[in-house]
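Encoded as structure tokens, the structure appears first; notes follow it.
Note: hydrogens, waters and symmetry copies are ignored here, and every other heavy atom, side chains too, is used. Since the model is a prediction, treat every value here as computed from it, not as a measurement.
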Protein chains: 2
Amino acid sequence: MPDRLDTTFAALADPTRRQILSMLLEDDMAVTDVAEPFEMSLAAISKHLGILTRAGLITQEKRGRVKWCKLDPDAMKDASVWMQGFGQFDPVNLEAFEAYLAETGLDRDG
Amino acid sequence: MPDRLDTTFAALADPTRRQILSMLLEDDMAVTDVAEPFEMSLAAISKHLGILTRAGLITQEKRGRVKWCKLDPDAMKDASVWMQGFGQFDPVNLEAFEAYLAETGLDRDG
DNA sequence: GCGATCGTCAACCATCTGGTTGAATATGCC
DNA sequence: GGCATATTCAACCAGATGGTTGACGATCGC
């Protein structure tokens with residue numbers, strides 16, 4: 001029986017799935033719309049979404065004939081917490097991001 | 001050719017390898033000592049260490065006939081930075097975060 | 001030099017993974 | 001009802017993964 005971190009990290013190890021997660025950062029999406037930018041079959045995307053769902057990285061909810069996909073941050077948070085045991089990355093990276101914001105003036109505050 | 005995040009997350013997806021990383025958190029270790037608590041062959045552990053090395057999660061240095069294994073936080077840091085975009089996406093400016101990813105070269109697949 | 005120790009290599013095996021295609025199941029629309 | 005749309009299922013395939021064993025090359029200690 002794979003451990004939760006096993007399935008989470010395995011799900012994150014595929015570039016297609018990471019790209020899907022990035023797309024879902026912007027908005028919830030229907031399966032067909034998720035598949036649109038990829039040069040692979042809808043069935044393949046459906047499998048990827050199943051893996052992301054089983055990993056707890058997204059949730060899927062069917063409304064009518066459309067199945068909506070939505071980020072579920074819990075599993076990623078668990079994995080992130082595990083990784084933080086290995087270093088001080090968290091504050092370091094946030095500082096880097098903040099510095100980037102300051103440098104580019106793209107900060108949400110204007 | 002797999003992306004760096006591919007290999008990092010794939011390496012982290014195995015419980016044996018995560019346990020090895022945890023052990024190395026305490027101290028650098030020789031290959032034989034890494035293998036000791038596991039009920040599998042030395043060759044299998046050697047393969048796992050090779051995967052961790054190729055993923056940039058550890059470094060190995062041979063001194064005499066003993067090969068020392070040591071944590072290398074860089075790859076884990078990259079992965080952690082990538083994940084931060086998901087853990088805290090509420091307060092941050094998404095466009096800015098994506099631009100940040102693009103600028104740091106961590107977005108090749110997501 | 002010689003035997004023991006450290007670690008890898010090569011070949012092999014079963015299972016998992018990521019993709020394909022074609023058929024099947026739901027649902028929405030006229 | 002009947003057709004189009006949305007999504008999954010089933011069977012299949014090539015290649016990767018995680019393990020085994022046995023042989024091998026280095027290095028240490030006596």
Side-chain angles (χ1 to χ4, degrees), chain A residues 1-24 27-70, chain B residues 1-24 27-70 75 108-110:
Chain A
M1 325 299 158
D3 171 287
R4 164 123 162 170
L5 285 176
D6 289 21
T7 51
T8 302
F9 283 126
L12 292 174
D14 185 274
T16 300
R17 290 193 290 264
R18 287 200 305 281
Q19 189 174 335
I20 291 174
L21 291 173
S22 296
M23 290 162 58
L24 292 176
D27 210 350
D28 300 354
M29 296 179 82
V31 173
T32 304
D33 294 333
V34 168
E36 199 272 332
F38 296 97
E39 291 183 343
M40 76 180 65
S41 68
L42 187 60
I45 295 295
S46 179
K47 276 193 190 180
H48 281 305
L49 291 170
I51 290 168
L52 289 170
T53 301
R54 259 171 272 118
L57 288 163
I58 68 171
T59 55
Q60 289 182 290
E61 181 199 353
K62 193 168 181 181
R63 285 205 297 273
R65 58 181 167 173
V66 176
K67 205 164 184 179
W68 292 91
C69 306
K70 164 192 189 76
Chain B
M1 314 306 157
D3 174 281
R4 164 122 161 170
L5 285 176
D6 289 21
T7 51
T8 302
F9 283 126
L12 292 174
D14 185 274
T16 300
R17 290 194 289 263
R18 288 200 306 280
Q19 189 175 336
I20 291 174
L21 291 173
S22 296
M23 290 160 58
L24 292 176
D27 210 349
D28 300 353
M29 296 179 81
V31 174
T32 305
D33 294 334
V34 169
E36 199 272 332
F38 296 97
E39 292 184 341
M40 76 180 66
S41 68
L42 186 60
I45 295 296
S46 179
K47 277 193 191 180
H48 281 305
L49 291 170
I51 290 168
L52 289 170
T53 300
R54 259 171 274 120
L57 288 163
I58 67 171
T59 55
Q60 290 182 288
E61 181 199 353
K62 194 167 181 180
R63 284 205 296 273
R65 59 180 167 175
V66 175
K67 204 164 183 178
W68 293 91
C69 306
K70 164 192 188 77
R108 272 169 301 205
D109 43 12

Nearest-Å distance for atom pair CD1/P, residues Ile20(A) and dT7(D): 13 Å
For Ile51(B) against Ala11(B), the heavy-atom pair lying closest together: CG2-CB, 4.1 Å
Nearest-Å distance for atom pair CG/P, residues Leu12(B) and dT17(D): 14 Å
Glu36(B) CD to dG7(C) P, straight-line distance once rounded to whole Å: 13 Å
Phosphate-side-chain proximity, Ser41(A) and dG19(C), N/O vs OP1/OP2 below 4.0 Å: no
Residue pair Asp3(A), Arg18(B): steps toward the side-chain contact (heavy atoms from CB on, under 4.5 Å) verdict: CA-CA 11 Å; Asp3(A) 171 287; Arg18(B) 288 200 306 280; 3.6 Å; yes
Minimum heavy-atom distance between Ile58(B) and Cys69(B), given as atom pair plus value: CD1-CB, 4.4 Å
For atom CH2 of Trp68(A) and atom P of dT27(C), their distance in whole Å: 17 Å
Distance below 4.0 Å between Ser46(A) side-chain N/O and dT7(D) OP1 or OP2: no
Atom pair distance, as rounded to whole Å: CG in Leu42(A) and C1' in dC9(D): 12 Å
From dG19(C), dT8(D), dC9(C), nucleotide with atom closest to Ala43(B) side chain: dC9(C)
Residues in side chain to side chain donor-acceptor pair (under 3.5 Å) contact with Gln60(A), at least two apart in sequence or another chain: Thr53(A)
Interatomic distance, Met40(A) CE vs dT21(C) C1' [rounded to whole Å]: 15 Å
Atom pair distance, as rounded to whole Å: CG in Asp14(B) and C1' in dT17(C): 15 Å
Length of the line joining Arg17(B):CZ and dG18(D):C1', which is rounded to integer Å: 8 Å
Members of residues 50-67 of chain B that approach DNA chain C, where some heavy atom sits under 4.0 Å away: Arg65(B), Val66(B), Lys67(B)
Worked verdict on Phe38(B) versus His48(B) for side-chain contact (heavy atoms from CB on, under 4.5 Å): CA-CA 12 Å; Phe38(B) 296 97; His48(B) 281 305; over 6 Å; no
Student check: side-chain heavy atoms of Thr16(A) and Ile45(A) closer than 4.5 Å: yes
Closest contact, heavy atoms only, Asp33(B) versus Met29(B): O-CE, 3.5 Å
N or O in side chain of Thr32(A) less than 4.0 angstrom from dT7(D) OP1/OP2: yes
